[in-house]
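Taking it in order: structure first as structure tokens, then the write-up.
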Amino acid sequence: MLRRMSVLSAPDLKRVPGVLGRIVELRAGDYVDADPALGEARAGERRFEAALAAPELSLIAEVKRASPSEGAIAPLDPADAARAYAAGGAAAISVLTEPRYFDGNREALLEVVAVTDLPALRKDFVVHPAMLREAADWGASAALLMVSVLHEHTGEYLGAAHHLGLDALVEVHDERELDIALEAGARIIGVNNRDLTTLKIDLSVSPRLIRRAREAGFTGVLVAESGYRTPQDIAAVRGLADAVLVGSSLAGSGDLSRAARDLMTP
């Protein structure tokens, strides 16, 4: 018999600093009246995880029209972008659905899922279980869970994602967050090079934390995130990461397929 999960704990968003804190507070307001019930369990296909576990470094290409650090990037059509990224060799597509800072929405994810067989990641700031239920309902294969937002509740939300048949990209920024992700039982860990308080990029973060995860015995998928613009940048995580997630440099390139191919060429 399929089981139902109990109501998840609410993360303390007042602990989240800076721009990220403002984003998650607004996102929580969007879901203040949402039904927290997850419903019955759904079978998980683990398509996103499988796509990133190929022998070569995989690319998660992002449909990203804006960001807090860069403002407007490009008026991408999500369906066209997904097709172009697929033609450029992407293994998966990340789709922003946060509306205020990233110009994302539900329709962008639905359009991407409709035109490509590549697994899609719902890229948003999960602060309510309804956001995971939506991700599954809208056809996403995975959802983003940020330890910087969920803290000690990361494991609960990871269990909820798996209950709904979703993979989860559990994102960390430092050693403490990595320890939380490992303790939670994450199968896919993303290391973000961007300090979400200052928005500054440090490309040394991913190699350092990826090595630490492996030294701790982690055998799952590791993803390097943020700030990758050239093949030379990518070289620093070849042989360490299983995948890279790239948004701004691809989205603003003007030729998504060529940019994806060129970026991933050793």
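Here the structure is a predicted model, which is why all the values come from computation and not from measurement.
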Does the pair R100 and D30 meet the rule for a salt bridge (Lys or Arg N to Asp or Glu O under 4.0 Å), with working shown?
CA-CA 11 Å; R100 297 179 183 87; D30 293 335; 2.7 Å; yes
Please walk me through it: do S248 and K64 pass side-chain hydrogen bond (donor to acceptor under 3.5 Å, both in side chains)?
CA-CA 7 Å; S248 299; K64 185 177 186 180; 3.1 Å; yes
After noting the C-alpha distance and the side-chain angles of D179 and R176, does the key distance pass the salt bridge (Lys or Arg N to Asp or Glu O under 4.0 Å) rule?
CA-CA 5 Å; D179 289 344; R176 182 186 63 82; over 6 Å; no
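Between R106 and E134, the closest side-chain pair of non-hydrogen atoms is not below 4.5 Å. For the pair E98/K123, no side-chain contact is recorded, criterion being any heavy-atom separation below 4.5 Å from C-beta on. H162 is not listed as a side-chain neighbour of R46, based on a closest heavy-atom distance of 4.5 Å or more. For the pair T154 and V149, the minimum side-chain heavy-atom distance is 4.5 Å or more. The side-chain heavy atoms of D195 and V205, taken from C-beta on, include no pair separated by under 4.5 Å. The side-chain heavy atoms of I189 and L182, taken from C-beta on, include a pair separated by under 4.5 Å.
I73 belongs to no hydrophobic cluster with other residues, because no ILVMFWY side-chain heavy atom falls under 4.5 Å from its own, directly or through intermediates. Members clustered with L109: L57, L59, V63, L76, Y85, I93, V95, L110, V112, V113, L118, W138, I201, L203, Y228, I234, V237, V244, V246, L250, L256, L263, M264, by chain and number, using a 4.5 Å side-chain heavy-atom cutoff among hydrophobic residues.
There is a side-chain donor-acceptor pair under 3.5 Å between S204 and D202.
For the pair R47 (side chain) and S141 (backbone), a donor-acceptor distance under 3.5 Å is absent.
Expressed to the nearest 0.5 Å, how far CD of E62 lies from CG of L96 amounts to 5.0 Å. Here the straight-line distance linking atom CG of L13 with atom CG of L20 works out to 9.0 Å at 0.5 Å rounding.
Aromatic pair F125/Y101: ring centres not closer than 6.0 Å.
Using a cutoff of 4.0 Å between basic side-chain nitrogens and carboxylate oxygens, R208 and E175 are scored as salt-bridged.
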